[in-house]
Asks: 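Got a structure here, written out as structure tokens. Questions coming.
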Amino acid sequence: MKTFLSIGTGPGIGFATAERFAKEGFQVVLAARSIAKTQELAEKMVKKGYRANARKVDSIDPKGVAELVAEVQKQHGSIDVLHYNAASARKATLSEQPRDSFNDDLAVNIGGALVAAQAVAPKMEEQKSGAILLTGGGFALAPSPDYLSISIGKAGIRALAHGLFEPFREKGIHVATVTVCTFVSPESKEASSVAEHFWCLYSQPKDSWTAETNYAPASA
């Protein structure tokens, strides 16, 4: 059975994407800062008949992210799909941003993704297969002065996906991002649609792999 690891699992995109892969026979590991909330999500998935368990991880802590990957690999043998979904969506202009918070925001928004990719890559290279999926955002394309730290973080996610795409494709690893150009609520049509975009990226034939797809709901 293939293993799907979600880092930064929330009730919106994170849960919907994990469930989409679970429907295809993956066992899923949900990980986030609040073990209580993550356990609730895992139990919700188990009640639907899927294999899921919860882990605690704080994406601000690179050591913790690397240790989580190692633990999941040890327990399940491999991680076939990594989904990095963690984000600190702080609303703050340049003058409002607390000086001691900006680096923390970047650590969550992009630093954790970099560490997670580093951690899963060696095993995926050994297997010559795997996928690293990153939740991007429209702020990468149109930065907001009111959400500066997440705008910079999502620009970093996009750069990471495109920067790793070619060298990792040669190793059999598909690195891709969905640039989500809307706010997404839990259990919404938008969450399910983003999850479907991730599944479609994963399902692409190797000779047709792409690094990015954009999601924006159709205007009324």
Side-chain angles (χ1 to χ4, degrees), residues 4-24 26 28-34 37-50 52 54 59 81-92 105 108-110 112-113 116 131-162 174-204 209-220:
F4 177 97
L5 171 61
S6 171
I7 295 180
T9 315
I13 292 172
F15 180 83
T17 304
E19 183 176 23
R20 182 66 183 87
F21 279 75
K23 286 179 180 177
E24 302 294 336
F26 282 73
V28 300
V29 179
L30 312 180
R33 187 170 53 183
S34 170
K37 292 179 180 178
T38 309
Q39 187 64 49
E40 286 179 11
L41 294 177
E43 289 172 359
K44 182 178 178 181
M45 202 165 283
V46 169
K47 286 178 181 177
K48 294 185 177 186
Y50 305 127
S59 298
V81 178
L82 164 71
H83 179 210
Y84 191 85
N85 187 64
S88 175
R90 184 188 304 276
K91 185 177 182 181
D105 289 347
V108 173
N109 292 333
I110 182 60
I132 298 172
L133 305 177
L134 310 170
T135 300
F139 286 150
L141 308 176
S144 168
D146 295 321
Y147 290 89
L148 275 178
S149 62
I150 188 69
S151 294
I152 295 168
K154 290 306 182 186
I157 286 287
R158 188 168 187 263
L160 182 64
H162 283 271
H174 190 181
V175 181
T177 182
V178 177
T179 298
V180 183
C181 301
T182 187
F183 288 99
V184 177
S185 302
E187 298 184 14
S188 63
K189 178 179 69 176
E190 290 79 15
S192 297
S193 295
V194 173
E196 189 62 33
H197 276 61
F198 276 119
W199 176 254
C200 288
L201 281 170
Y202 177 75
S203 302
Q204 290 174 337
W209 281 0
T210 53
E212 179 182 12
T213 185
N214 288 13
Y215 170 73
S219 55

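Please read these numbers as outputs of a predicted model, since none were measured by experiment. The chain is numbered in sequence order, starting from 1.
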Asks: Kindly determine whether Arg20 and Glu24 satisfy salt bridge (Lys or Arg N to Asp or Glu O under 4.0 Å), including the steps that lead there.
Replies: CA-CA 7 Å; Arg20 182 66 183 87; Glu24 302 294 336; 2.6 Å; yes
Asks: Hey, does the side chain of Gln204 reach the backbone of Thr210 with a donor-acceptor pair shorter than 3.5 angstrom?
Replies: yes
Asks: Identify the heavy atoms of Ala131 and Tyr202 that sit nearest to each other, and give their distance.
Replies: CB-CD1, 3.7 Å
Asks: Starting at CG of Leu148, measure out to CG of Asp105 and round the result to the nearest 0.5 Å.
Replies: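 So the CG of Leu148 and the CG of Asp105 are separated by 10.5 Å.
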Asks: Could you state the interatomic distance from OG1 (Thr177) to NE2 (His162), rounded to the nearest 0.5 Å?
Replies: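 Atom-to-atom, Thr177:OG1 and His162:NE2 are 7.5 Å apart.
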Asks: Charged N to carboxylate O below 4.0 Å: is that the case for Glu43 and Lys47?
Replies: no
Asks: Which atom pair, heavy atoms only, marks the closest approach of Ser144 to Ser151?
Replies: N-OG, 3.0 Å
Asks: Could you tell me how the ring of His174 sits relative to the ring of Trp209: parallel (under 30°), tilted (30 to 60°) or perpendicular (over 60°)?
Replies: parallel
Asks: Just checking, is any N or O donor in the side chain of Asn109 or Ser88 under 3.5 Å from an acceptor N or O on the other one?
Replies: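 Per modelled atom types, Asn109 and Ser88 side chains form no pair under 3.5 Å.
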Asks: Is there a side-chain contact between Glu190 and Tyr215, using heavy atoms and a 4.5 Å cut-off?
Replies: yes
Asks: We want to know whether Ser6 and Thr9 form a side-chain donor-acceptor pair, criterion being a heavy-atom distance below 3.5 angstrom.
Replies: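 The criterion, which ignores hydrogens and geometry beyond distance, is satisfied for Thr9 and Ser6.
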Asks: Could you point out which residue of Trp199, Phe21, Phe198 forms a ring pair (Phe, Tyr, Trp, His ring centres under 6.0 Å) with His83?
Replies: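 Exactly one option meets the ring pair (Phe, Tyr, Trp, His ring centres under 6.0 Å) with His83, and it is Phe198.
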Asks: So does Ser188 get a backbone contact from the side chain of Ser185, meaning a donor-acceptor N/O pair under 3.5 Å?
Replies: no
Asks: Which of parallel (below 30°), tilted (30 to 60°) and perpendicular (above 60°) describes Phe183 and Phe139?
Replies: perpendicular
Asks: What are the two closest heavy atoms between His197 and Thr213, and how far apart are they?
Replies: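 Answer, listing the atom of His197 first, then Thr213: CD2-OG1, 3.7 Å.
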Asks: Can you check whether Lys91's main-chain N or O pairs, donor with acceptor, with Asp146's side chain at less than 3.5 Å?
Replies: no
Asks: Where is the tightest heavy-atom contact between Glu19 and Met45, given as atom of each residue plus distance?
Replies: N-CE, 3.6 Å
Asks: State yes or no: are the ring centers of Tyr50 and Phe4 separated by less than 6.0 Å?
Replies: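 No, ring centres 6.0 Å or more apart.
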Asks: If I take atom CD1 from residue Ile110 and atom CD1 from residue Ile150, how far apart are they, to the nearest 0.5 angstrom?
Replies: 10.0 Å
Asks: Which heavy-atom pair separates Ala52 from Ala42 by the least distance, and what is that distance?
Replies: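 Closest heavy-atom pair between Ala52 and Ala42: CB-O, 4.0 Å.
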Asks: Tell me which one of Ile132, Thr135, Leu134 satisfies side-chain contact (heavy atoms from CB on, under 4.5 Å) with Tyr84.
Replies: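 Per the side-chain contact (heavy atoms from CB on, under 4.5 Å) rule, the option paired with Tyr84 is Leu134, out of Ile132, Thr135, Leu134.
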Asks: If I compare all heavy atoms of Ile7 with all of Ser59, which pair ends up nearest, and what's the gap?
Replies: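 For Ile7 versus Ser59, the nearest heavy atoms are CG2-OG, 3.6 Å.
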Asks: Passes side-chain contact (heavy atoms from CB on, under 4.5 Å), Arg158 versus Leu141? Steps please.
Replies: CA-CA 9 Å; Arg158 188 168 187 263; Leu141 308 176; 3.6 Å; yes
